[in-house]
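Down below is the structure, laid out as structure tokens.
Convention: sequence-line order gives letters A, B, ...; per-chain numbering from 1. Predicted, not measured: the structure shown is a model, and the values here were computed from it.
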Amino acid sequence: MEVEMRYSKLFVPTLREVPAEAEIESHKLMIRAGLIRRFASGIYNFLPLGYKVFRNIENIIREEMDKQDGQELHMSALIPAEVLKESGRWDVFGPEMFKLRDRSNREFCLGPTHEESFTVSIRNEVRSYKALPQILYQIQTKFRDEIRPRFGVMRSREFIMKDAYSFDADEHGLDVSYKKMHDAYCAIFDRCGLDYTVVQADSGAMGGSGSEEFMVKSAVGEAAIAYCNSCGYAANDEKAQCVEPRTEIVSTKSIEKVKTPDIGTIDDLCNFFGCQPALFAKTLIYKADDEVVAAVVRGDRELNETKLTNLLGCVELEMADAETVMKVTGAQVGFAGPVGLKIKTIADLEVKHMADFITGANETDYHYSNVNLSDCNIEVFWDIRNIVEGDKCPVCGEPVKIDRGIEVGHIFKLGTKYSEALGCRFLDENGKEKPMIMGSYGIGVARTMAAVIEQNCDEKGIIWPLGVAPYKVIVIPVNTSKEEQMEMAERIYKNLLSLGLEVLLDDRNERAGVKFNDADLIGIPVRITVGKRASEGFVEYKLRKDEESQDIAEADIMSRIADDIGMS
RNA sequence: CGGGAUGUAGCGCAGUUUGGUAGCGCACCUGGUUUGGGACCAGGGGGCCGCAGGUUCGAAUCCUGUCAUCCCGACCA
């Protein structure tokens, strides 16, 4: 029995006006089209139309995961503290994790991710190499008390993620599982109608040996990606490697102390010395866990904290406060420099090729000019800056471009980080006990939905790709008081329904303009308008993505639809 | 947490400077006329003016506090 889908009965509260809370197009449209409503800061409810789309995306994910031997299961959202304490992440997550206690004061959290849950479950059940590999996944609500929720469903505090975990007996097995997930992700995002790039990423807090992100190209993306059109290299800004310059050092002068009263910023210094920021070496003081270190980059560069964190192998990295800076450099903020500094000092590779440059003198209101490396106390030279547009591609040397992207998926080779911490071991064919080799693979489902809208919309509304559209066809009788039109519309609607298509009949007694505007706003791919020419047996047929419509005979509707939406 | 802003009807806003009966547009309800790109006429419902305290004869408006939301920076699917 078919489900009736009459607009007059649906709960689809569309809005004519743009809600003040929304900043980006997808967020505005999701609210205007009646897909979601805000419930609290960073917390959204899905309304029927939004949930239909959501389930379509979920099902695409399920199908493609299953094709690659993924097995769906469901873990509790509530996680007992012990498992996270065992892996050491109870403290790592810090205030970002929603923590709570039960009536007998036992600690829990609302899962921000589920590595521990999966690893613990597997370790309790799998003991033999014969039972490997396994790829398990779930589509589950995650909770992260984000410092700053943003852009609606794009970055929320409660969000639904498809997360998968692979367990293998060796590195080769991990490579196979990882490739499977990579392929599944490509298939998923293709079917969602997304234009995306796969970029190399830092494996960061998750740990492990390698990772890639699936980035949907978008100006509103929160991540920057560097890519090379010549060789295809692509990496996010945390990871993108900056190559060491080849310039010869030509030093002609010797160090000189200069009084620079109240001139602490690079801008001020440029004015004072009358030169470019590239002639300065700026020194930033950081607290890396318990150690205070100095990081030196060229004056016009940005320090890449991820690269520095990885180099230092620390957990937390933050800029030192004014007091610490004073203690360590002996000067106020703005006058630090690598000359005579007592703490561990790391300089960017670029600095290695600078000559006769300017730095702080570690004395308030003084700088050194004509500084050279021999004057400095630098322990390590390393790539610690952010890549910028036009930098040399680390692979082929051509200039790279920088774009923005929405991170919709992330795949990691975790290795043995969790299996070792949680004792998830198996016996290999020689009877030797080994930790399993793991991978983890995430997709932000609602974020994917927002990304689809971001890439598929116009000034009138959403243009759903067929694969995710909540309804494939909308039938609009122009004038509900004309029996002839209503009868024809009903007939077409029922015929399409009987084919198993998701069809919406706009039976509301509204003016044509209202119905057209709503149909455009909610983005139904195919529109069939039953109007004046109903008496001649004609309807107007229009695709949402096209400008033009055309009149076709009622009898030809089925074949047109079959062509356009690829049914058999 | 730092910087900026805003809380008035379901939504979008005015009113706050200079205290004096709480307004506009959209949406909603009733009746009628309409019906191919967000109709028209007539009538109507809906407000702890974010919350608490204070000043005052009188507070949406002034003062103090508090909460919430949004935007800009560090976290990440």
Side-chain angles (χ1 to χ4, degrees), chain A residues 13-24 27 31-32 34 37-43 61 92-97 112-114 139-164 185 201-202 204-206 211 213-216 221-223 236 238 303 305-306 309 316-319 321 405-412 440-451 460-461 476-482 485 508-521 527 529-534 539-540 542 549 551:
Chain A
T14 57
L15 260 37
R16 189 184 298 201
E17 279 170 295
V18 182
E21 74 190 63
E23 189 75 5
I24 61 170
H27 187 193
I31 294 167
R32 284 226 296 138
R37 286 291 185 266
R38 196 178 65 86
F39 202 47
S41 173
I43 298 178
I61 293 173
V92 172
F93 273 107
E96 193 167 306
M97 196 156 63
T113 173
H114 283 80
I139 295 175
Q140 236 285 16
T141 306
K142 311 285 182 194
F143 300 86
R144 292 185 196 171
D145 194 355
E146 291 283 347
I147 299 165
R148 181 146 122 76
R150 218 191 302 217
F151 300 155
V153 112
M154 198 77 90
R155 162 175 246 82
S156 51
R157 299 196 294 167
E158 176 182 319
F159 60 101
I160 296 180
M161 185 169 144
K162 186 287 300 172
D163 52 326
Y185 276 36
D202 184 75
M206 295 295 178
S211 92
E213 288 170 343
F214 288 73
M215 293 285 195
V216 170
E222 295 183 72
N236 74 10
E238 290 181 345
L303 181 91
E305 295 189 357
T306 304
T309 305
E316 269 189 67
L317 183 76
E318 55 176 359
M319 297 227 16
D321 51 83
I406 300 164
E407 184 190 348
V408 289
H410 200 161
I411 57 180
F412 292 90
S440 86
Y441 317 89
I443 292 178
V445 184
R447 182 184 282 186
T448 298
M449 180 167 158
K460 288 178 177 159
I476 301 180
V478 167
N479 187 335
T480 49
S481 58
K482 297 255 164 65
Q485 291 183 18
R508 295 176 300 170
N509 181 21
E510 287 286 354
R511 317 203 108 226
V514 173
K515 298 191 193 184
F516 290 149
N517 281 312
D518 275 337
D520 288 343
L521 177 60
R527 188 181 84 189
T529 308
V530 181
K532 284 186 182 124
R533 294 192 71 195
V539 299
E540 181 194 280
K542 181 181 174 299
S549 64
D551 286 0

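- Between B:C70, B:U35, B:C72, one nucleotide has an atom nearer to the side chain of A:Asn479 than all others, and that is B:U35.
- In the set B:A77, B:A39, B:A74, the nucleotide with an atom closest to the side chain of A:Glu407 is B:A77.
- Between the CG atom of A:Asp518 and the P atom of B:A27 there is a distance of 12 Å, given to the nearest Å.
- For A:Phe214, the ring-ring contact (aromatic ring centres under 6.0 Å, His included) partners at least two apart in sequence or on another chain are A:His182, A:Tyr185, A:Phe189.
- Note that the CZ atom of A:Arg37 and the CD1 atom of A:Ile31 stand 7.0 Å from one another [nearest 0.5 Å].
- When distances run from any side-chain atom of A:Arg155 to the nucleotides B:U35, B:C76, B:G12, the shortest one goes to B:C76.
- Between the P atoms of B:G50 and B:G45, the separation comes to 24 Å (whole Å).
- Annotation: cation-pi pair A:Arg157/A:Phe143 absent, no NZ/CZ under 6.0 Å from the ring centroid and within 45° of its normal.
- Nucleotides B:A60 and B:A9 are separated by 14 Å at their C1' atoms, to the nearest Å.
- Straight-line distance from the CZ atom of A:Phe39 to the C1' atom of B:C70: 19 Å, rounded to whole Å.
- If you take CD1 of A:Ile43 and P of B:C70, they are 10 Å apart, rounded to a whole angstrom.
- Among B:A74, B:C75, B:A77, the nucleotide with an atom closest to any side-chain atom of A:Glu96 is B:C75.
- Closest approach to the A:Asp520 side chain among B:G37, B:A77, B:C70 is made by B:G37 (side chain taken as heavy atoms from C-beta onward).
- When distances are taken from the side chain of A:Phe159 to each of B:A77, B:U35, B:U69, the shortest belongs to B:A77.
- Residue A:Ser41 places no side-chain N or O under 4.0 Å from the OP1 or OP2 atom of B:A68.
- Summarising the geometry, the separation between CZ on A:Phe93 and C1' on B:C75 is reported as 11 Å, rounded to the nearest angstrom.
- The salt bridge (charged side-chain N to carboxylate O under 4.0 Å, His left out) check on A:Arg150 picks up A:Glu222, with sequence neighbours excluded.
- The gap from the P atom of B:G31 to that of B:C63 amounts to 50 Å, rounded to the nearest Å.
- Of the P atoms belonging to B:C26 and B:A42, the separation is 13 Å, rounded to the nearest Å.
- Using modelled atom types, one finds a donor on one side chain and an acceptor on the other under 3.5 Å when comparing A:Asp518 with A:Thr14.
- In terms of modelled atom types and a separation under 3.5 Å, the side chain of A:Arg32 and the main chain of A:Arg16 share a donor-acceptor contact.
- Counting to the nearest Å, the C1' atom of B:A77 and the CD atom of A:Glu158 are 14 Å from each other.
- In this structure, the CZ atom of A:Arg37 is 9 Å from the C1' atom of B:C11, given to the nearest Å.
- Between A:Glu146 and A:Arg155, at least one side-chain nitrogen of the basic residue sits less than 4.0 Å from a carboxylate oxygen of the acidic one, meeting the salt-bridge criterion.
- If you check B:G38, B:C72, B:A74 against the side chain of A:Phe151, the one that comes closest is B:C72.
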* To do: Would you sort out whether A:Glu23 and A:Phe151 count as a side-chain contact (heavy atoms from CB on, under 4.5 Å), showing the intermediate values?
  => CA-CA 6 Å; A:Glu23 189 75 5; A:Phe151 300 155; 4.1 Å; yes
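- Formation of a donor-acceptor pair under 3.5 Å by the A:Arg447 side chain with backbone atoms of A:Val153 is not found in this model.
- Scanning atom types as modelled, one donor and one acceptor separated by under 3.5 angstrom connect the side chain of A:Arg527 and the base of B:G37.
- B:C67 and B:G46 are spaced 34 Å apart, taking the P atom of each and rounding to whole Å.
- Look at A:Arg150 and you'll find a side-chain N or O under 4.0 angstrom from OP1 or OP2 of B:G73.
- Of the candidates B:C26, B:C71, B:C13, the closest approach to any side-chain atom of A:Glu17 belongs to B:C26.
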Interface polar pairs with nucleotides 3-8 of chain B, N/O, under 3.5 angstrom:
none

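- Between A:Asp321 atom CG and B:C1 atom P the separation is 18 Å, expressed in whole Å.
- Here B:U35 sits opposite no nucleotide as a Watson-Crick or G-U wobble pair (both hydrogen-bonding atom distances under 3.5 Å).
- Comparing B:C76, B:U34, B:C26 against the side chain of A:Arg447 picks out B:C76 as the nearest.
- Straight-line distance between the P atoms of B:G10 and B:C28: roughly 15 Å, to the nearest whole Å.
- In this structure, A:Ser156 reaches the bases: a heavy-atom distance under 4.0 Å links it to at least one base atom across the strands shown.
- The same atom, P, is picked in B:U69 and in B:G12; the two are 16 Å apart, to the nearest Å.
- In this entry B:U6 has B:A68 as its Watson-Crick or G-U wobble partner, both defining distances falling under 3.5 Å.
- Note on A:Glu23: only backbone sugar-phosphate atoms sit closer than 4.0 angstrom, heavy atoms only; bases stay farther off.
- Side chains of A:Asn479 and A:Gln485: no donor on one and acceptor on the other come within 3.5 Å.
- For the OP1/OP2 pair of B:A77 and a distance below 4.0 Å, the side-chain nitrogens and oxygens of A:Arg144 include no atom meeting the criterion.
- For B:G38, the base is not stacked against the aromatic ring of A:Phe516, per a cut-off of 5.5 Å between centres and 30° between planes.
- At whole-Å resolution of the value, CG in A:Leu15 and P in B:G12 are 8 Å apart.
- For the P atom pair drawn from B:G43 and B:C48, the interatomic distance equals 26 Å after rounding to whole Å.
- Across all strands shown, B:G73 is found opposite B:C1 as a Watson-Crick or G-U wobble partner, with both distances under 3.5 Å.
- For A:Arg16, whose side chain is taken as the heavy atoms from C-beta onward, the closest listed nucleotide among B:A77, B:C26, B:C71 is B:C26.
- Donor-acceptor pairing under 3.5 Å, judged by distance alone, is present between the side chain of A:Arg511 and the base of B:U34.
- Look at B:C24: its Watson-Crick or wobble partner, with both distances under 3.5 angstrom, is B:G12.
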